[in-house]
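Heads up, the thing below is written out as structure tokens.
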Amino acid sequence: MKRMNGGQIIVDYLIQQKVPYLFGLCGHGNISFIDAFYERASEIKALSVHHESVSGFMADVYYRVSGQPVATFTSCGPGSANMPICLANSFLDSVPFLAVTGNVPTSQFNRGAFQETYRSYQADFPSTVRAYCKRVFQPTRGDMVPLAVRQAWKTMVTGRPGPVVLDVPFDIFKEETELEMPKAAEWDANITCRCGADPEGLCRAVDMLLGAERPVILVGQGVKYGKATKELLVLAERLQIPVACSSSGMGAIDSQHPLALGLIARNGTYQANHAARQADVLLALGVRFDDRTSSSWLPGYSFNIPPTKLIHVDIDPDEIARNYPVALGLMGDVGTFLRQVFAELDKRKLPKEVPPNRQGWLRTIDGYRKQWEEFIAPGFREDSTPINPQRAAHEIDKALPDDAILVSDIGIHHNWLIQFCHPKRPDSLIGSMGFGPMGFGVAGVLGAKLAAPQRPCISVCGDGAFFMHASVLGTAAEYNIPVVWVVWNNYSYASIRGLQRGYLGGRELVTDFRHPATGEPYNPDFAAMARSAGIQGVRVDKAADLGEALQQAIRAEKPYLIDANIGADMNPGGAGVWELPGLGHKQPAIGGRHLMD
């Protein structure tokens, strides 16, 4: 038996789980927890940020790159009240991290102590985050901490992963208890959640794939986080089935592969949308069918389900048949399912697995691809100031090394990047398409670099998002984290201004930034802001200079900011649509609507 306090118990369990970092911000409510990891500073490193949400975004992207969950620490009251945005982001994108939040002492529960949330229930911070995490644990005695921390970790990483909150009162961090410290390996190491499909369902799925004339595979982030990208490639090549990606699934297959169709979405490629809406069988792997992927579920733009027969495989049964009826729904890990498919195909020993008409289907899709390439070609040649946004995305993509990690923030730039960047690896292009908080990429790139210190890590972020979270400059400088920010400076919240122009007759308000005296576009000098923090900052006004500036920033191996002057008067056109209920939707930029009987 050992005698340990609550903070020591939590830190010890994190070290057992091989957590290398804690990201967070101090406050009076967590000083005893900070003291506990001070004692173990040689085994786990703490990084201080300047806004609590930054810690959650860092933890999120650290996991997306490394596969290792980490933890955050925040104080009681407003400190932890800054966490719901990043918790919600990770929850909706199925990314685990442990948020250790401080609370008021148990002896002060329901007395209205400084920073207590007490009007509805005592020490009631858990109620503020229950909708945004898998579960909240709140131990109120020292001897409850071992159980709480081990159950919190298991909840976080099993099933469909997601963040968990461990809310600890001030005195419990310091309260000692006699215990036999839980051994993490015994509790967690032998749990597997990679269940497969039932045998009957598996055979039906294989029958449908083998009998399909126009099959398409649609992949989401479940393929990437399930580490099933190799199996995906094997299946696609073995059965010669083309692969389309949701925005979160980009990179699951090398975008330059002959079977890769690219993005299916409102601004998706013609070959992806037009192939998927003509498919007779659609195999959906780890994808949610959200409104952006599905052209707001309007038939004939991204999908026609039915008559397309949908095989939907997901680890979370709640996502199956949420938005489309299924011909076959299978709860299971996508990697396990794909390996089951290979075994079933091997068992059947078919003389020919690929139907003779499959090459005709692929040739037809190649025709769609050529139409798309002709449609987008002019944007690659335009040389203007401000920089044409399509050209900007293209120049960024060309300048990136094959091993680079691009973390995109939320905004109009994200729509351009997912359309015109060509990720080669599952973590080449990281974005947030569930909750979609501004600041995700601004801060998340720090977590990416800590997870992959030998790889170039670049954030492309809007001017609005960067200004919200400019404190990251201080964190990068203090800890010498050599990331690159490309600030997509279009002097506006351009994606929303585009909606005002497209749906509201051009009635624009509070969506652009202008100088009060001149009315000209205005923003701070972001490059000078970076230099004031001791970080190299440059301004770029021409497309030809953007790629060179990015390559120079990567070579510097120091924190670096590029303030890129990019046009705001264009939105990326695609083969899908996005409906705003009550305001309608525009027609696709290419291809129109295609309904099937």
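Sequential numbering from 1 along the given sequence is applied to the chain's residues.
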Give every residue pair that meets the salt bridge (charged side-chain N to carboxylate O under 4.0 Å, His left out) criterion with at least one member in residues 233-248, sequence neighbours excluded. R238-D346, R238-E353
Name all residues meeting the ring pair (Phe, Tyr, Trp, His ring centres under 6.0 Å) criterion together with H274; count only those two or more places apart in sequence or in a different chain, and write none if there are none. Y270, Y368, H594
Contact list for residues 53-68, test salt bridge (charged side-chain N to carboxylate O under 4.0 Å, His left out), sequence neighbours left out: D60-R64, R64-D93
So for atom CD, which belongs to Q68, do other residues, nucleotides or ligands contribute more than 12 heavy atoms lying within a distance under 6.0 Å? yes
Among all residues two or more places apart in sequence or in another chain, which pass the side chain to side chain contact (heavy atoms under 4.5 Å, CB included) test with P426? K224, T229
So W372 and F375, would you call those rings parallel, tilted or perpendicular, with 30° and 60° as cut-offs? tilted
Verify the ring-centre separation between F435 and Y132: is it less than 6.0 angstrom? yes
Taking D569 first and then R501, would you say they form a salt bridge - that is, a charged N and a carboxylate O separated by under 4.0 Å? yes
All N/O donor-acceptor pairs, side-chain side in residues 571-579, below 3.5 Å, sequence neighbours left out:
residue	atom	partner	partner atom	Å
W578	NE1	D291	OD2	2.8

Who passes ring pair (Phe, Tyr, Trp, His ring centres under 6.0 Å) against F337, sequence neighbours left out? none
The criterion is side chain to side chain contact (heavy atoms under 4.5 Å, CB included); which residues satisfy it with T293, sequence neighbours excluded? S246, I264, D290, F303
What distance separates I566 CD1 from Y491 OH, expressed to the nearest 0.5 Å? 11.0 Å
Tell me, please, which residues at least two apart from M250 pass side chain to side chain contact (heavy atoms under 4.5 Å, CB included). C245, L263, P423
CZ (F467) with more than 12 external heavy atoms under 6.0 Å: no
Using side-chain heavy atoms (C-beta onward) and a distance below 4.5 Å, is L362 in contact with L259? yes
Applying side-chain contact (heavy atoms from CB on, under 4.5 Å) between F23 and each of T475, L446, L450, V54, report the one that passes. L450
Would you check if there is a donor-acceptor pair between the side chains of R194 and T336 at a distance under 3.5 Å? no
Heavy-atom neighbours of Q256 CD exceed 12 at 6.0 Å: yes
When you check the gap from the basic side-chain N to the acidic O, do K398 and E395 get nearer than 4.0 Å? yes
Pair K424 + D402, salt bridge at N-O below 4.0 Å: yes
So, for C193 and I315, which heavy atoms are closest and what is the spacing to 0.1 Å? O-CD1, 3.5 Å
F91 meets the ring pair (Phe, Tyr, Trp, His ring centres under 6.0 Å) criterion, sequence neighbours left out, with none
Atom CD1 of residue position I85 - does it have more than 12 heavy atoms of other residues, nucleotides or ligands inside 6.0 Å? no
Can you name the residues that form a ring pair (Phe, Tyr, Trp, His ring centres under 6.0 Å) with H585, not counting sequence neighbours? Y301
Going by the ring pair (Phe, Tyr, Trp, His ring centres under 6.0 Å) test, which pairs reach into residues 390-409, not counting sequence neighbours? F380-H394
Partners of R363 by side chain to side chain contact (heavy atoms under 4.5 Å, CB included), sequence neighbours excluded? Q359
Could you state the interatomic distance from CD (Q271) to CD (Q371), rounded to the nearest 0.5 Å? 10.0 Å
